[in-house]
Amino acid sequence: MNNKVLVVDDEQSIVTLLQYNLQQAGYEVITAMDGEQGLYTALQEQPNLIILDLMLPKLDGIEVCKQLRQRKMAVPILMLTAKDDEFDKVLGLELGADDYMTKPFSPREVVARVKAILRRTNSKTDEETLEKNIIDRITIGDLKLIPDYFEAYFNAEKLELTPKEFELIVYLAKHKGRVLTRDQLLSAVWNYDFAGDTRIVDVHISHLREKIERDPKKPSMIKTIRGIGYKLEEPKLDE
């Protein structure tokens, strides 16, 4: 397996633990002990996934995540936080993290999360590839999606989407016109139980609206169905 994982954490014991377990699972692992080194290593090594601690010296995880996204790096980011703090989690997701875990954690669970994330961002199974070929191009209003090439365009301009944003918009597009609950979206896009933490869905929907709605505060495509969830629909001509 050629997937390269960058682990950025200032606790040597955690770095060693994650490095050992990820290598046992077949991943190439590179490490960094502070935010500046983590940012530099990510830009130089172009890893397939980053495990990023929130509290780091020199640059914290939030700033590293923010700078990577500003540089248009769409690499999946799994953020680690020692605080069971909703603000930290949501802020991290708002700035472009794809997932998070709270310390202490099981190394086995981390490896499972890494596998799940990479399984969705790397080459798919034959069945998934066949399904993607069937929906080779999706056009909804000025939004165009090309799932096979991980490309999205709005008004003929290419969009810079994180892996989770792309998965979410494709899932919504494949179910155009259908009302999807937040729990359905959590299960389909994140692939495991977030114990009802539907804020994750709301944060990603907000990001998508900023990128594909002409007026994000009055969305014409991604509609909120109060008390239920969301649906994606063709924008009306007068909207």
_Side chains of His204 and Glu165, donor plus acceptor under 3.5 Å_ = no
*Look at the side chain of Lys211 and the backbone N and O of Glu160, then say whether any donor-acceptor pair between them is shorter than 3.5 Å.*
yes
*Return the minimal non-hydrogen interatomic distance between Leu6 and Gly38, and the atom names on each side.*
CD2-O, 3.7 Å
*asked:* Is there a path of hydrophobic side-chain contacts, each under 4.5 Å between heavy atoms of I/L/V/M/F/W/Y residues, joining Met33 to Leu17?
replied: no
*Is Ile222 reachable from Ile225 through a run of I, L, V, M, F, W or Y residues, each pair having side-chain heavy atoms under 4.5 Å apart?*
no
*Which heavy-atom pair separates Lys231 from Gly177 by the least distance, and what is that distance?*
CD-O, 3.9 Å
*Closest heavy-atom pair and its distance - Pro219, Glu213*: CB-OE2, 3.3 Å
*Heavy atoms of other groups near Phe150 CZ, more than 12 under 6.0 Å*: yes
_Before you tell me yes or no, could you show the steps for Ile169 and Ile212 under side chain to side chain contact (heavy atoms under 4.5 Å, CB included), namely the whole-Å CA-CA distance, both residues' side-chain angles and the distance that decides it to 0.1 Å?_
CA-CA 10 Å; Ile169 192 63; Ile212 71 169; 3.9 Å; yes
*Pair Asp202-Tyr230, side-chain donor/acceptor within less than 3.5 Å*: yes
_Gln19/Val7 under side chain to side chain contact (heavy atoms under 4.5 Å, CB included): CA gap, chis, key distance, verdict_ = CA-CA 8 Å; Gln19 184 172 24; Val7 176; 5.8 Å; no
_Linked, directly or transitively: Ile62 and Leu43 (ILVMFWY side chains, under 4.5 Å)_ = yes
*Quick one: do the Thr16 and Gln12 side chains pair a donor with an acceptor below 3.5 Å?*
yes
*Check against salt bridge (charged side-chain N to carboxylate O under 4.0 Å, His left out), Lys164 and Asp98*: CA-CA 6 Å; Lys164 280 290 178 240; Asp98 297 274; over 6 Å; no
*asked:* Rounded to the nearest 0.5 Å, what separates atom CD1 in Ile228 from atom OG1 in Thr224?
replied: 11.5 Å
*May I ask you to decide if Val64's main-chain N or O and Arg69's side chain share a donor-acceptor pair within less than 3.5 Å?*
no
_Nearest-0.5 Å distance that lies between atom CD1 in Ile117 and atom CD in Glu167_ = 9.0 Å
*Please check if atom NZ in Lys66 has more than 12 non-hydrogen atoms from other residues, nucleotides or ligands closer than 6.0 Å.*
no
_As a quick check of understanding, evaluate salt bridge (charged side-chain N to carboxylate O under 4.0 Å, His left out) for Lys144 and Glu157, giving each step before the final call._
CA-CA 10 Å; Lys144 296 187 187 337; Glu157 292 188 8; over 6 Å; no
*asked:* What I want to check is whether the side chains of Ser187 and Arg182 have a donor and an acceptor closer together than 3.5 Å.
replied: no
_Atom CZ of residue position Phe105 - does it have more than 12 heavy atoms of other residues, nucleotides or ligands inside 6.0 Å?_
yes
_Carboxylate-amine/guanidinium proximity below 4.0 Å for Lys176 and Glu234_ = yes
*When you check the gap from the basic side-chain N to the acidic O, do Lys223 and Glu233 get nearer than 4.0 Å?*
yes
